[in-house]
Amino acid sequence: MTATSVSSLRRHTEQAYAEMAELGVGALWRHLGNLFPAEPATRAVPFHWSYGALRPYMLHFADVLSIEEAQRRVLMLVNPGLQAESATVTGLYAGIQVILPGEQAQAHRHAANAFRFIIEGSGAYTTVAGERVHMHPGDLLLTPGWQWHDHYHEGDGPMMWLDGLDFPIVNALDAQFFELHGETAQQSSVPDGLSSAQFIHGRLNPTWIRERTVSSPIGNYPWAETERAFAAIAEDAAGSAVDGIQLEYTNPWTGGPVMPTMACRIQRLVPGFHGAPRRHTAGTILHVVRGEGTTVVDGQEIYWGEKDVLVVPSWATYQHINASRSADAVLFAYSNEPVVRALGLYRDELR
Ligand code: 1HN
């Protein structure tokens, strides 16, 4: 072929790609590598948020921004690789919320599932579907999708908690709905803390409740129960070589995860714990309940202290270390594992 005909063919080809794009057509051969990476190529990066660094901003906005203006006064923990969807790890979100004494966070509901893990303060409660659920540090409170919820603080001092939501998954599926309640706060329609009283024992479920909800019916997994569970197994637990003495909060109907999209776990890393490295296809967010330590994520050392938050993206190799000689480290962890498993995509590998 002559040089002219080669370049005219190339021009034709460029023209063809441009014309096809107008027709809503792409050429697979130009995208195969991106669409089918040899292994997960996540935009999420390993990241760490220091609670000490965030807290002054929380207090600043508690000072200058009313709860009425904000609706929810929350600092979003946005992964630098996931800014477009305001996600913390693929499919999941974390934020830190603050509410002051006397404040009332407007009742609303959304399709996304949510939970709160209480960090500090006392005297606040959230009302979920008519049930007042009181908050104490270390409690895990559930707000399954589409249940009305509002928060009220009748104690002293700021109340802060970690919000976990699955809205990036819900939004990716174009299945999000949101509605404001007609009143600022719901009426209380059942005794405070009823769901927890009825179900927290797990092995003794009330037989008169027939509706098997897809999410756990428990409004609060109190810290006192979590401590009791750890104390009951004490030093006898073999634990996992990767995650130490890890317990999962479960749905009493199924024994499975508390919500269809999020698995919530709590783990104790004993003094000197040096975890085995592992990777899996469930993006994970961790919050430090107490202690300090190091998590090595794909070779990057993340040092964490009390109340911090960190992220382990899908398929990143992670390893937890508690170098203290005397102090436990306790981590609360949540991940999108139930979604990944439901779709048959869960893979797990010791390194
Ligand atoms: C929400 O409803 C709450 O109810 C917290 O406290 C954080 C983040 C995004 C969307 C809804 C809450 C939220 C949220």
Side-chain angles (χ1 to χ4, degrees), residues 44-80 82-83 85-89 91-101 103-106 108 110 112-126 133-143 149-153 155-168 220-221 223 262 264 266 283-292 295 302-312 330-335:
V45 298
F47 205 76
H48 165 255
W49 292 265
S50 152
Y51 191 72
L54 301 180
R55 200 170 180 280
Y57 295 101
M58 307 284 303
L59 295 176
H60 171 74
F61 282 101
D63 202 30
V64 303
L65 181 74
S66 75
I67 198 76
E68 289 75 21
E69 285 172 276
Q71 192 173 147
R72 294 293 189 271
R73 196 189 287 109
V74 181
L75 298 188
M76 305 195 297
L77 307 186
V78 182
N79 192 293
L82 302 174
Q83 284 174 351
E85 55 267 57
S86 295
T88 308
V89 74
L92 298 181
Y93 158 94
I96 311 275
Q97 180 158 178
V98 58
I99 183 168
L100 296 177
E103 285 186 334
Q104 172 85 65
Q106 162 73 43
H108 70 203
H110 33 70
N113 293 288
F115 68 78
R116 337 211 164 271
F117 189 89
I118 311 306
I119 302 177
E120 57 171 293
S122 69
Y125 62 80
T126 184
V133 183
H134 295 270
M135 307 175 177
H136 314 90
D139 290 358
L140 172 68
L141 278 68
L142 304 188
T143 310
H149 55 286
D150 49 86
H151 316 308
Y152 182 59
H153 188 7
D156 307 311
M159 186 93 206
M160 308 212 197
W161 62 76
L162 174 79
D163 284 311
L165 285 96
D166 60 4
F167 75 72
N220 188 1
Y221 293 77
W223 178 247
M262 295 188 276
C264 293
I266 186 103
T284 306
I285 298 168
L286 298 116
H287 161 69
V288 184
V289 180
R290 75 161 76 115
E292 51 190 70
T295 300
I302 297 180
Y303 300 96
W304 39 260
E306 199 167 297
K307 301 182 169 60
D308 292 355
V309 177
L310 60 145
V311 154
V312 178
V330 177
L331 302 173
F332 170 80
Y334 65 109
S335 81

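Positions are given from 1 along the sequence. Scope of the values below: all heavy atoms of this structure, side chains included, with no hydrogens, waters or symmetry mates.
- Qualifying side chain to side chain contact (heavy atoms under 4.5 Å, CB included) partners for Gln71, counting only residues two or more places apart in sequence or in other chains: Gln106, His108, Phe178, Leu180.
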- Query: Stepwise, does the side-chain contact (heavy atoms from CB on, under 4.5 Å) test hold for Val309 with Leu286?
  - Reply: CA-CA 6 Å; Val309 177; Leu286 298 116; over 6 Å; no
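- Nearest heavy-atom pair across Met262 and Asp166 is CE-N, 3.9 Å.
- Side chains of His110 and Leu165 form a contact here, defined as non-hydrogen atoms less than 4.5 Å apart.
- Heavy-atom minimum distance, Tyr334 versus Ala94: OH-CB, 3.0 Å.
- We find the CG-CD distance between Asp163 and Gln97 to be 4.5 Å, quoted to the nearest 0.5 Å.
- When atom types are taken as modelled, the side chain of Asn79 and the backbone of Val45 share a donor-acceptor pair closer than 3.5 angstrom.
- Annotation: side chain of Tyr93 is in contact with side chain of Val74 (closest heavy-atom distance under 4.5 Å).
- Screening Leu75, Leu59, Ile99 for a side chain to side chain contact (heavy atoms under 4.5 Å, CB included) involving Met160 leaves a single residue, Leu59.
- For the pair Glu103 and Arg73, the salt-bridge criterion is met [side-chain N within less than 4.0 Å of a carboxylate O].
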- Go through the steps to decide whether Trp304 and Thr295 satisfy the test side-chain contact (heavy atoms from CB on, under 4.5 Å), and finish with yes or no. CA-CA 8 Å; Trp304 39 260; Thr295 300; 2.7 Å; yes
- Message: Set out, in order, the CA-CA distance, both residues' side-chain angles and the distance that settles side-chain contact (heavy atoms from CB on, under 4.5 Å) for Leu140 and Cys264, then state yes or no.
- Response: CA-CA 9 Å; Leu140 172 68; Cys264 293; 4.0 Å; yes
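- Here the two rings, on His151 and Trp161, have centers that are under 6.0 Å apart.
- Inter-residue side-chain proximity for Ile285 and Leu92 is flagged as met; some heavy-atom pair is nearer than 4.5 Å.
- To the nearest 0.5 Å, atoms CG (Leu331) and NE2 (His287) are separated by 9.5 Å.
- Residues Pro137 and Ile119 fail the side-chain proximity criterion, which asks for heavy atoms closer than 4.5 Å.
- Rounding to the nearest 0.5 angstrom, the gap separating the NZ atom in Lys307 from the CG atom in Leu162 is 12.5 Å.
- To the nearest 0.5 Å, the span separating CE on Met159 from CD on Glu120 amounts to 8.5 Å.
- Across every non-hydrogen atom of Phe47 and Pro80, the tightest pair is CE1-CG, 3.5 Å.
- Ring pair Tyr51/Trp49: centre-to-centre distance not below 6.0 Å.
- Once rounded to the nearest 0.5 Å, the distance linking OH of Tyr303 with NE2 of His48 reads 11.5 Å.
- Ring-centre distance between Phe115 and Phe332: below the 6.0 Å cut-off.
- In terms of the side chain to side chain contact (heavy atoms under 4.5 Å, CB included) criterion, residue partners of Tyr152 (sequence neighbours excluded) are, by chain and number, Gln104, Tyr125, Glu154.
- Between Tyr221 and Leu141 there is no side-chain heavy-atom pair separated by less than 4.5 Å.
- Contact record, Pro101 with Gly155: CB-O, 3.1 Å, taken as the closest heavy-atom pair.
- Neither side chain, Asn220 nor His134, offers a donor N or O lying under 3.5 Å from an acceptor on the other.
- Residue Val288 comes nearest to Gly305 through the heavy atom pair CB-O, 3.2 Å, listed as atom of the first residue, atom of the second, then distance.
- For the residue pair Thr126 and Arg116, no side-chain donor N or O sits within less than 3.5 Å of a side-chain acceptor on the partner.
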- Task: Could you walk me through whether Val312 and Val89 pass the side-chain contact (heavy atoms from CB on, under 4.5 Å) test, one step at a time?
- Result: CA-CA 8 Å; Val312 178; Val89 74; over 6 Å; no
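- Side-chain atoms of Leu82 and Thr88, non-hydrogen and from C-beta on, never get closer than 4.5 Å to each other.
- In terms of heavy atoms, Ala105 sits closest to Asp150 at O-CB, 3.1 Å.
- Note that the CG atom of Leu310 and the OG atom of Ser50 stand 12.0 Å from one another [nearest 0.5 Å].
- Checking Asp139 against His136 by side-chain atom types alone, a donor-acceptor pair falls below 3.5 Å.
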